Every structure is written in C-alpha cells, then in structure tokens.
There are 2 protein chains.
Amino acid sequence: MSAPQGWEAIRAEVLDRIHRRDWLPGAIIPTEEKLAAEFGCARATVNRALRELATAGVLERRRKAGTRVATHPVRKATLDIPVIRLEIEGRGQRYGFRVIDRAESEPPMTIAARLRLAPGQRLWHVRTLHLADGRPCLFEDRWLNAAVLPEGLPADPDTTSLNEWLVKTVAYTAGDIAFSAANATAEEAALLGIEPGAALFIIERSTWLGAVPITAVRLAHPPGYRLSTEM
Amino acid sequence: MSAPQGWEAIRAEVLDRIHRRDWLPGAIIPTEEKLAAEFGCARATVNRALRELATAGVLERRRKAGTRVATHPVRKATLDIPVIRLEIEGRGQRYGFRVIDRAESEPPMTIAARLRLAPGQRLWHVRTLHLADGRPCLFEDRWLNAAVLPEGLPADPDTTSLNEWLVKTVAYTAGDIAFSAANATAEEAALLGIEPGAALFIIERSTWLGAVPITAVRLAHPPGYRLSTEM
DNA sequence: TAGTGGTCTAGACCACTAT
DNA sequence: TAGTGGTCTAGACCACTAA
C-alpha cells in the first residue's frame, strides 16, 4: 500500500502508526510476513525495523506469540558515558588534572565488595582532581589492581590522565556502572571549591578481566552537572 | 580457521581478540569479506556482529576507511528507565501514592524553556508523592499540557498514577531525559522524610507530540537511590 | 503441533569517502 | 575512482512457545 523504502522508513511508519494510535499499547501488530507483503519488501527488512524498535523498548516480541506494542514505552535510554578530557575539550575549555595522592593499601569494605576482592588484597589508590580552564570540575577516586597492569603503574602520571591511560592499556571483559547523588564531604568541597554538603552527581564504575578485578572508580561531579540524552 | 557459529559467536570472538590485544585500540581490523572467509560464513553475518559492537561503542566503522577498535571503549550504556510502580513492586513492596496538589497555572521559565512553550501558555501542575510500603520514596513534580489530552485530566487521580495513565493514553514522538543531583529543599525534605539539604538524585524528562509539548516531569529520589546497569 | 520470530546464505547494488 | 561498509532480496531452516 504505502511505499516506505528501507528499514528506517519501515521503522518510521510503524512508529507513526503507534503514535497515531492505529496500534494501541498492548495490541498485537501484523506478522513480519504480512508487513513485508504490505510494504512490498523482504521479510528480513521488516525484521530489521521491528528488531530495532524492540531494542528501543517500543515493541515486545516473542516467537509464536507475535509482536506487541509495549505497554510501558520509553523504558530504555542509551547514554554516552563521557571521557573526561574529551568532554571538557568539547566545551572549548582547556583540560588539566592534578593527582591528589597515590598509595598502595587495603581498600575499604565497600570497594572490596564491589570488586569481589579476596580478603586482605591490596590495591593502588589514586585520587585525581580534573580541571577545566584550571578550575576543578571533577573529583576522581580510583582503586586499581596493579597485578593486571602489563608494566605496573605508568612512570609519569603527570602527563597522562590515569583514566585514559587505563582504557588504552588494559582490556576488560565486563563491568557495571551506577549513578547516584551524595552530599559533598568537607574534603571534596575544599577540592572542588564548593560548599560542604552540596549535592554531588556520582558515577561509579567497576571493571573486570574475566574474574579478575581491574578497577573501581568513583567520579564526583559538582552541582550543575547534567547527564542527558534524547529518546 | 576457528569455527564460531552465528553472529553472537563472531561477536564474542572479535571481542576476545580485542581483549587479548590481538587487535589494539585504534587499529584497523580485517574487512567484513576477509572475516567472513576466515569464519566460513556469509558477510551479512559478520556485518551483524560488527554492527552490534559498533553500536555498543567497541568498534568504529566508516565506509572505505574500514573498521577500527575504538580508542575510548565503553562509551555507551543502555539504562532501563524504571516505571515507578513496577520498580517498587519488583522489590516486593506495596506501591502507593498521594497527590500533594494540582492546579492550572503558568509554569516557571525553566519549564517553559525546556518545553519550548509560547509565552503565557498555561499548564496543569501536579505534584505527587510516591510511596513504598507506605513510606515516601519519590517526589514527582509534573507539568502537563491538558490540550493534548483526549478527555482532559482523568476524573479520579487517586486510582491511577498519573505517570502510568499518561504513557498508556498519550502518544509521544520525541523526548529527552537528564540526570543530575540537587540538595533537597525544606519542602522536599519534609515530604520525603529526610534532612533538608540531603542530596537528591534527579531525573528530568520532557516529551513532545511533534512540536506540541506534552509533559515535563522532575523525579526527586532520596539518598540511597542508585540507577545502575551492566556493560 | 503449528505459528511466529531469529538467523543464515549467496549474491547484488548502493552510499560514502580516502586516496 | 576504487575500496569498504550499508542494505536489500528470496529463500531456507531453526528455535521457541502458545494452544
């Protein structure tokens, strides 16, 4: 009937029918075969379009049961996790950083639990303040398993941000990431140049190489920071 | 050579080579055609595997230039945006809510800007406290364009959460979402039963139907709330 | 068990872009 | 302009699952 071309056009047409409420939330839509006949294309093309919509959370698909319009749409959002330096430079500011301290020690329980460490295992602990145009904009608190590093810690931590050095040097196989909010401690406030108790936006990441923990990092962004995406 | 089967096996094998540092960050990997020959499968199958890895941010692909291992991996994370009631019930708690107030008025500048409103346009303003096992767990502040509602505001706001009523009733075509942190105001603290100034985790969403604004909502989660995902 | 989505194939043409 | 990824096709078989 109508004549969309390409899987993106089919995706758009399907979305449109949902928006026009031709197909209501929870309702079954025609099979791939029927849609392919209607649109005059191969079933694989319809499949591609519907699969993308299912990944986006707009449709729910099950073999034999068919394809339904999701009852709770917009359940998924894909975030770009920024690389600190690139984010700052992308705003046209000059990037810099300052290593606050660096030591080998036994991490606190919370970190050990997050990395599933064996009791007593020691890690490198590096704390870094990141700067935009010379002003503090992010406090990084990182625990690092030196055992997985090919050549130990980099000799000159003042020329390469540890963060970038890591992603270029160490492979990983799995990880998790979490977002939350926390009040700034006195130390964090002093380092970031904000009031104690100010609301920080926290990003925590952990990564593993197989079952071997690599690193756990906590990024504390001062008030005003927003992580956003379109749907 | 090796014998993976299916695009998922190929994806796994490619990931493995990156993890083993056979293919270093920034390096070009073989063309789809060569990989298809090596794996003994069709090029479309390799394409599917590499496309998924590119979507995940592990590879960067450009026509003619070829496929490279991303220099800054793990740049994307897909979050499940929870539906409030389902999230609470999923924890085995009883869901409830209480409408704090509800009025028609002109929204503040920030909301008007976010929704790109014409000057002087009035919206419904509904503030709701969501409860888990009877205890406050989320404060919702919503502005709503009644003009797009088929039958106006629902007659009985005490039986259906406005949030769910909306997603089931109103179509949307675009939106954005943002995460940030903020200190609790005195009123928010009182409603949520926390200390004033406590760090709230804020989710803000805006949705449109074409160019017509539908709703802007701000969700304030008390300390302890975490939004997390695996990579 | 039958219906539906998931995937694969072999080949083709197109779109983009480094050179 | 030539190389590479992006997509489409027509058909096939398989995997899952509702009935």
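Keep in mind the model is a prediction, meaning the values are calculated, not measured. Just so it is clear: chains get the letters A, B, ... in the order the sequence lines come, proteins before strands, and each one is counted from 1.
Results of the salt bridge (Lys or Arg N to Asp or Glu O under 4.0 Å) test with A:Glu32 over A:Arg51, A:Arg61, A:Arg48 single out A:Arg61 as the only residue that passes.
Using a 30° and 60° split on the angle between ring planes, B:Phe201 and A:Phe201 fall in the parallel class, below 30°.
OP1 or OP2 of D:dC8 has not a single side-chain nitrogen or oxygen of A:Arg48 nearer than 4.0 Å. Under 4.0 angstrom from either OP1 or OP2 of C:dT9 there lies at least one side-chain N or O belonging to B:Thr45. Considering only side-chain N and O atoms, B:Arg61 lies nowhere under 4.0 angstrom from the phosphate OP1 or OP2 of D:dT4.
Residue A:Glu33 qualifies as open at atom CD: its count of foreign heavy atoms under 6.0 Å is 12 or below. Around the CZ atom of A:Arg135, the shell of radius 6.0 Å holds no more than 12 heavy atoms that belong to other residues, nucleotides or ligands.
Rounded to a whole Å, the CG atom of B:Asn47 is 18 Å from the P atom of C:dC14. When the P atom of D:dT9 is taken as reference, atom CZ of A:Phe39 falls 13 Å away, rounded to whole Å. Here the C1' atom of nucleotide C:dA18 and the CZ atom of B:Arg68 are 11 Å apart, to the nearest Å. Between the CD atom of A:Glu8 and the C1' atom of C:dA15 there is a distance of 13 Å, given to the nearest Å. Atom CD in B:Glu32 sits roughly 10 Å away from atom P in D:dT7 (whole-Å rounding). For A:Lys64 and D:dA18, the NZ to C1' distance is 5 Å, given to the nearest whole Å. The distance between atom CD1 of B:Ile28 and atom P of D:dT4, rounded to the nearest whole Å, is 9 Å. Distance A:Arg51 CZ to C:dG5 P: 13 Å, rounded to the nearest Å.
Using a 4.0 Å heavy-atom cutoff across all strands shown, B:Arg43 reaches at least one base atom of the nucleic acid.
Both B:Cys41 and A:Thr67 sit near DNA chain C, but only A:Thr67 has its closest nucleotide nearer the 5' end. Looking at which nucleotide of DNA chain D each of A:Trp7 and A:Arg63 is closest to, the 5′-most match is held by A:Trp7.
Nucleotide D:dA12: paired with C:dT7 (Watson-Crick or G-U wobble, both distances less than 3.5 Å). When both distances must be under 3.5 Å, the Watson-Crick or G-U wobble mate of C:dT17 is D:dA2.
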Intermediate values then yes/no, salt bridge (charged side-chain N to carboxylate O under 4.0 Å, His left out), A:Arg17 and A:Glu38: CA-CA 14 Å; A:Arg17 292 185 185 183; A:Glu38 178 187 348; 2.6 Å; yes

